[in-house]
Amino acid sequence: GEDVEQSLFLSVREGDSSVINCTYTDSSSTYLYWYKQEPGAGLQLLTYIFSNMDMKQDQRLTVLLNKKDKHLSLRIADTQTGDSAIYFCAETGSSNTGKLIFGQGTTLQVKP
Amino acid sequence: KAGVTQTPRYLIKTRGQQVTLSCSPISGHRSVSWYQQTPGQGLQFLFEYFSETQRNKGNFPGRFSGRQFSNSRSEMNVSTLELGDSALYLCASSSSRGLETQYFGPGTRLLVL
């Protein structure tokens, strides 16, 4: 089946690292994604990882993928107040076409 | 390069009416997917079009339909609107090279009264 689970809320202090976790069920997904949504806006693609990779780093963002446990995480280093948003993880699922299966989203609150 | 554009941005309709939403993908992108976002159900996939053909369809009633034109622009239509259709409708485009280039538009916020 296709299901993606995320914790709903995370609060951190400015300057700390944030780690947002996600579990998925479909091991045949080719890509796994992280999207950011600010209030009243659409989804912004933050980063993605190909399923045969364990880690991807992109400036302040680090994605870790544990295929055995079907666990994906997004680490944001030196979190800023501008990082406050909802973060969605998504997988391509078995279709591996333009259909994404999204988690419920994690609201990240960054306190000054 | 211009991003994904969606029109209109906001829409108010009454129950029973129909609505058409438009999405223009990033230049060169051939795949357009549509999603519905609501507080209760989250982000749910509606359908995907690639080269004018529907390639994938989500679990929505037949009142929800779509199409894609030869220039890759896409429209979705919802007939006989219900209160529960109030949502943010997002479209995303990706190139034929692969899913890693999937980008979303700002969405159309539909309110059904």
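Letters A, B, ... mirror the listed sequences (proteins, then strands); counts begin at 1.
A distance of 13.5 Å separates OG1 of Thr47(A) from NZ of Lys36(A), quoted to the nearest 0.5 Å.
Looking at Phe88(A), only its side chain comes within 4.5 Å of chain B, counting heavy atoms on both sides. Residue Gln37(B) touches chain A through its side chain alone, counting heavy-atom pairs closer than 4.5 Å. With a 4.5 Å cut-off on non-hydrogen atoms, Leu88(B) touches chain A through its side chain but not through its backbone. Heavy atoms closer than 4.5 Å to chain A are found nowhere in Tyr49(B), neither backbone nor side chain. In this structure, chain B has no heavy atom under 4.5 Å from any part of Gln44(A).
Within 6.0 Å of NZ in Lys111(A) there are 12 or fewer heavy atoms belonging to other residues, nucleotides or ligands.
A salt bridge does not link Asp85(B) to Lys13(B): none of the charged nitrogens lies less than 4.0 Å from a carboxylate oxygen.
Between Tyr35(A) and Tyr87(A), the distance from one ring center to the other does not fall under 6.0 angstrom.
Nearest heavy-atom pair across Gln54(B) and Phe47(B) is NE2-CB, 3.8 Å.
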